[in-house]
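See structure below.
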Amino acid sequence: MSLFAQTLKQMEDASNLLGLTNDAQRILEYPERILQVSIPVRMDNGEIKVFEGYRVQHSTIRGPAKGGVRFSPQVDIDEVKALAAWMSIKCAVVNIPLGGGKGGVAVNTRDLSNRELERLSRGYIRAIAPIVGPKKDVPAPDMYTNPQIMAWFADEFSMLQGHNTLGVVTGKPIEVGGSAGRGAATAQGGVYVLDKYIKETKGNPKTAIVQGFGNAGYHVARMLHEKGIKVIAVSDSTGGIFDEKGIDPYAVHTSKVAHGSVQDLPNVKKIRNDDLLALPCDVLFLAAKENEIHKDNARSVQAKIIVELANGPITPEGDKILAQAGTVVIPDILANAGGVTVSYFELIQNEMNFYWSEEEVQERLKVIMEKALDEVLDTQRRCYSYSELDNTGEYIKHAKQPDMCHRITLRQSAFIRALQRIETSMKLRGKI
Ligand code: GLU
């Protein structure tokens, strides 16, 4: 199943539970706008190389489209459409007045020099300039893009406009209109949600595993370590490391920056990525990429709680297997929404040209994340699904008999909250 088809299935699943009108569902099945661009770049050796890029605006019913741009060899239009749709849902889950968008360029940034990367970044924003802007669509970092690339985007776009338009992108360096706290925001949001969930359920996690050691993975490992939760294993695309006595995330970070991989840390056991997912632990953070837990490895997962910091790290089949096993999944559209929430703060600060302290950013982020979790838990409590899972993981529909019901998952509940909000906006604006 394609990634966009997976997203639509999640939406349909929640729509059915919610009894959403077919009209709203049909509208959300189609992105509002898709732009495909070619970006010719003069390489350092004098040759011209042409890269393919996209920008998808899935929905602007609740505000300007918002979402990152990824530079990765796997980028294709299907992936970008799926990620854009998740952004519409995510912004509605945390109730920030933004829609959903996403962009991407098919490129392996490791093959480019810094100058080539700058020319590609400037070329991409020039190509999509007609459809972006602080009130239209606001890109941000995603996989393999960073604050420096956002600074080039903002600079190029400002030159085209003839005046500083820093609010065209978020995730910029603080010195050029970035927000305090944006770098760690995705991880921070995930930790606020987990903390609140633990408080509500009276849990007491002692061990954690972090899959992926990019921006989100490193910051979350650091925060867990600081809170006294033992990080027993971490991984990146090259493999993982395990130490039941606990791993120091700062040491892993330093060694990865110096040598390139988490496995370069001395005196720890090296493990394969699939082994990492199967280790017993209280909380597993998925901070790598899509489709990491699927029907073939979901049964081996032993974590009690999974927090999705990446977008779409569990396939729908994997999700059902985990639900059957009673594993709690705090879904991406809630757990990683801290990033886009602080992006929203950045947009506000750019608009006001008045900047907040890191403490102010964190305080506001905490309020939004905790409220979103409360609402999702509340919906889960009140909304039972009139269906159950059979042993292949398929839903079997039953008549509306409460004793045949099982509790909906947090993902279904988050989708329901978001779709309710989107549908209300559509109705009030007279679209349906
Ligand atoms: N790329 C991030 C995400 O998937 C952040 C998006 C943003 O800040 O607009 O949520």
Side-chain angles (χ1 to χ4, degrees), residues 3 7 54-60 62-72 75 79-94 96-105 125 128 132-147 149-150 153-154 166-173 177-190 193 212 214-217 219-220 286-290 307-313 330-350 361 364-365 368-369 372 414 418:
L3 204 62
T7 318
Y54 310 91
R55 185 72 191 169
V56 174
Q57 295 166 356
H58 174 258
S59 170
T60 56
R62 300 184 76 253
K66 185 83 193 81
V69 175
R70 63 173 56 173
F71 282 0
S72 123
V75 162
E79 184 187 72
V80 182
K81 275 161 67 179
L83 292 162
W86 277 326
M87 289 307 301
S88 306
I89 302 290
K90 193 186 298 184
C91 292
V93 170
V94 287
I96 55 177
L98 297 168
K102 202 82 174 197
V105 177
I125 196 78
I128 65 163
V132 296
K135 294 200 161 42
K136 294 201 256 180
D137 178 4
V138 185
D142 199 81
M143 274 166 66
Y144 304 115
T145 53
N146 56 33
I149 293 175
M150 299 306 119
F153 282 171
L166 298 178
V168 64
V169 293
T170 58
K172 301 177 291 288
S179 173
R182 177 64 185 86
T186 305
Q188 185 69 75
V193 168
N215 182 50
H219 282 297
V220 91
L286 299 176
K289 55 183 173 52
E290 294 102 74
V307 184
E308 294 185 320
L309 286 187
N311 290 308
I330 306 185
D332 47 6
I333 47 171
L334 169 63
N336 74 23
V340 72
T341 302
V342 176
S343 276
Y344 165 54
F345 296 163
E346 184 171 330
L347 212 65
I348 297 170
Q349 294 169 76
N350 292 153
V361 167
R364 290 184 162 110
L365 175 64
I368 290 183
M369 299 306 295

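All ligand and atom numbering here is 1-based and tracks the order in the structure.
The CG atom of Asn215 lies 11.0 Å from the CG atom of Asp142; values are rounded to the nearest 0.5 Å.
For the residue pair Arg182 and Ser343, a side-chain donor N or O sits within less than 3.5 Å of a side-chain acceptor on the partner. Between Lys81 and Thr7, the side chains place no donor N or O within less than 3.5 Å of an acceptor N or O (distance only, hydrogens not considered).
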Test log, rule side chain to side chain contact (heavy atoms under 4.5 Å, CB included), inputs Leu98 and Leu347:
CA-CA 11 Å; Leu98 297 168; Leu347 212 65; 4.1 Å; yes
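Environment of NZ in Lys136: crowded, with over 12 heavy atoms of neighbouring residues, nucleotides or ligands closer than 6.0 Å.
A search for side chain to side chain donor-acceptor pair (under 3.5 Å) contacts involving Lys172 returns Glu346, Asn350, not counting sequence neighbours.
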Which N or O atoms of ligand 1 sit under 3.5 Å from a protein N or O, and how far apart is each pair?
from	atom 1	to	atom 2	distance (Å)
ligand 1	1 (N)	Pro141	O	2.9
ligand 1	1 (N)	Asp142	OD1	2.7
ligand 1	4 (O)	Lys90	NZ	3.1
ligand 1	4 (O)	Lys102	NZ	3.0
ligand 1	4 (O)	Asn311	ND2	3.0
ligand 1	8 (O)	Arg182	NH2	3.0
ligand 1	8 (O)	Ser343	OG	2.5
ligand 1	9 (O)	Lys66	NZ	2.8
ligand 1	10 (O)	Lys90	NZ	2.6

